[in-house]
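Worksheet: the structure to be examined is printed underneath.
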Number of protein chains: 2
Amino acid sequence: LKELPLLQVTAEMLMVSSEKVAHVQLNNPIEHALLILVKSGYSAVPVLDMQYKFQGIVGKNTILNEILGLERFELEKLSSVTVEDVMTSDIPCLRKSDPFLTCLKALMDHTFVCVVNANGYFDGIVTRRAVLKQLNKYIHV
Amino acid sequence: LKELPLLQVTAEMLMVSSEKVAHVQLNNPIEHALLILVKSGYSAVPVLDMQYKFQGIVGKNTILNEILGLERFELEKLSSVTVEDVMTSDIPCLRKSDPFLTCLKALMDHTFVCVVNANGYFDGIVTRRAVLKQLNKYIHV
Ligand SMILES: Nc1ncnc2c1ncn2[C@@H]1O[C@@H]2COP(=O)(O)O[C@H]3[C@@H](O)[C@H](n4cnc5c(N)ncnc54)O[C@@H]3COP(=O)(O)O[C@H]2[C@H]1O
Ligand SMILES: Nc1ncnc2c1ncn2[C@@H]1O[C@@H]2COP(=O)(O)O[C@H]3[C@@H](O)[C@H](n4cnc5c(N)ncnc54)O[C@@H]3COP(=O)(O)O[C@H]2[C@H]1O
């Protein structure tokens, strides 16, 4: 990666590939999603369908907001509400071939961005950390 | 900021100043901290003492891990455990005068870094987003 000029680095070179990305399914109860988020430590993870197509993202804040009632946390909602009911779906995605600058722009307002192929199958995620590490290498050369 | 060469940009120029940063106090019950985190939407916020000195950071994951028992979320812990009991305290900090590269390195493994003065008083935070926005401006020049 270091030899390539920064602007020729692609999303594929930066991404965490799909098998290393924690994710949840559309029809999971939000209790399952919250346990995955707490055990992995991640703030948010991708939501995939049964065919491994990208559908959206779900985070701790969305789930906690859903169960926070007027007086207390209503834990009974954890088993009755599904990921599909609360997830965020109009999320910009990248292609493996997208250049560095496209990744940088996408990460301005998102902590990670999903990479999908032409048919919508999930390839992986590009994270802010990966972009910062690449920039740090580049500035030092 | 755009006219200055990137490497002369300082933490002070990038930071969100203290009055705009959501924070909690050492002696707050973790229930109060969780409500601040859910209402603000932030994953983690700084912890200050009564004199406005920086003491550490506390996040949603730390609080959720604390209340997650073997079978269920033990909500009674929310009022009996304090922020001081669970916060992370050995966190690297910056000074207002620190240059861009020092900020970039500190943000490799942290989503934000606190800025404190020589006496430990809290000045603000530098976020990954601020660094990414500055880098994007610089690459386009
Ligand atoms: N287990 C761990 N080991 C080492 N460092 C860790 C870590 N968990 C979190 N971090 C650090 O904290 C940052 C923020 O994590 P967060 O979970 O809020 O936000 C994460 C999370 O929502 C998502 N993410 C990252 N890796 C993931 C994975 N393997 N599977 C699913 N989601 C992932 O992408 C966001 C940005 O990740 P990024 O790496 O830029 O930034 C990460 C990384 O620097
Ligand atoms: N209310 C809001 N409006 C617009 N965008 C929002 C937002 N809340 C979150 N974001 C976006 O999501 C990113 C991650 O937020 P998170 O809460 O995980 O992680 C945040 C949060 O833990 C902390 N943070 C940021 N601003 C803060 C503030 N004013 N007070 C306290 N903590 C703050 O610094 C971390 C990194 O912030 P950063 O700006 O780089 O990155 C933010 C920003 O790009």
Side-chain angles (χ1 to χ4, degrees), chain A residues 5-7 9 30-31 33-44 59-79 88 99-113 126-140, chain B residues 5-7 9 30-31 33-44 59-79 88 99-113 126-140:
Chain A
L6 185 68
L7 301 183
V9 169
I30 56 174
E31 178 165 40
L34 188 58
L35 289 174
I36 298 268
L37 289 167
V38 176
K39 292 279 179 238
S40 68
Y42 296 126
S43 298
K60 285 181 186 127
N61 214 63
T62 309
I63 294 172
L64 291 171
N65 257 317
E66 181 67 27
I67 63 172
L68 183 57
L70 283 175
E71 304 266 315
R72 60 185 183 83
F73 286 97
E74 300 167 357
L75 293 185
E76 57 282 6
K77 284 194 170 162
L78 284 173
S79 42
T88 311
F100 184 85
L101 268 187
T102 309
C103 300
L104 179 59
K105 281 197 192 353
L107 288 167
M108 285 300 168
D109 288 315
H110 303 280
T111 58
F112 70 94
V113 185
V126 176
T127 63
R128 281 182 172 175
R129 184 161 180 276
V131 161
L132 289 171
K133 276 185 99 91
Q134 194 57 31
L135 279 157
N136 191 46
K137 267 192 223 161
Y138 177 68
I139 289 183
H140 276 105
Chain B
L6 184 71
L7 299 183
V9 169
I30 56 173
E31 177 164 42
L34 189 58
L35 288 175
I36 297 269
L37 289 167
V38 176
K39 292 284 178 228
S40 68
Y42 296 127
S43 297
K60 284 182 186 126
N61 214 63
T62 310
I63 295 173
L64 291 171
N65 258 318
E66 181 68 25
I67 65 172
L68 183 58
L70 285 174
E71 304 269 312
R72 61 183 184 84
F73 285 98
E74 299 167 359
L75 293 186
E76 57 283 6
K77 283 192 170 161
L78 285 173
S79 41
T88 312
F100 184 85
L101 268 187
T102 309
C103 299
L104 179 60
K105 281 198 189 357
L107 288 166
M108 286 298 165
D109 288 314
H110 303 281
T111 58
F112 70 94
V113 185
V126 177
T127 64
R128 281 181 172 175
R129 183 164 182 274
V131 162
L132 289 172
K133 277 184 100 85
Q134 194 57 29
L135 279 159
N136 191 46
K137 265 193 220 160
Y138 176 69
I139 290 183
H140 281 300

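Because only heavy atoms are used, hydrogens play no part in the values below, and waters and symmetry mates are left out as well, while side chains stay in. Each chain gets a letter, A, B and so on, in the order the sequences are listed, and its residues count up from 1.
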Report the C-alpha separation of Ile139(B) and Leu6(A) in whole Å, then their side-chain angles, then the decisive distance to 0.1 Å, and conclude whether the side-chain contact (heavy atoms from CB on, under 4.5 Å) test is met. CA-CA 10 Å; Ile139(B) 290 183; Leu6(A) 185 68; 4.0 Å; yes
State, yes or no, whether a side-chain contact exists between Leu37(B) and Leu64(A) at a heavy-atom distance under 4.5 Å. no
Does Lys39(A) reach the side chain of Leu68(B), with side-chain heavy atoms less than 4.5 Å apart? yes
With a 4.5 angstrom heavy-atom cut-off, which part of Leu132(B) approaches chain A: side chain, backbone, both or neither? both
Would you name the heavy atoms of Asn136(B) and Leu101(A) that are closest together and state the gap between them? OD1-CD2, 4.2 Å
If every non-hydrogen atom of Leu75(A) is compared with every non-hydrogen atom of Phe73(B), which pair is closest and at what distance? CD1-O, 3.8 Å
How long is the span from the [atom1] atom in [X] to the [atom2] atom in [Y], to the nearest 0.5 Å?
X	Y	atom1	atom2	answer
His110(A)	Arg129(B)	NE2	CZ	10.0 Å
Leu107(B)	Lys133(A)	CG	NZ	13.0 Å
Lys60(A)	Lys60(B)	NZ	NZ	8.5 Å

Top of Leu34(A), Leu78(A), Thr111(A), Thr62(A) for chain B proximity - count of heavy-atom pairs under 4.5 angstrom: Leu34(A)
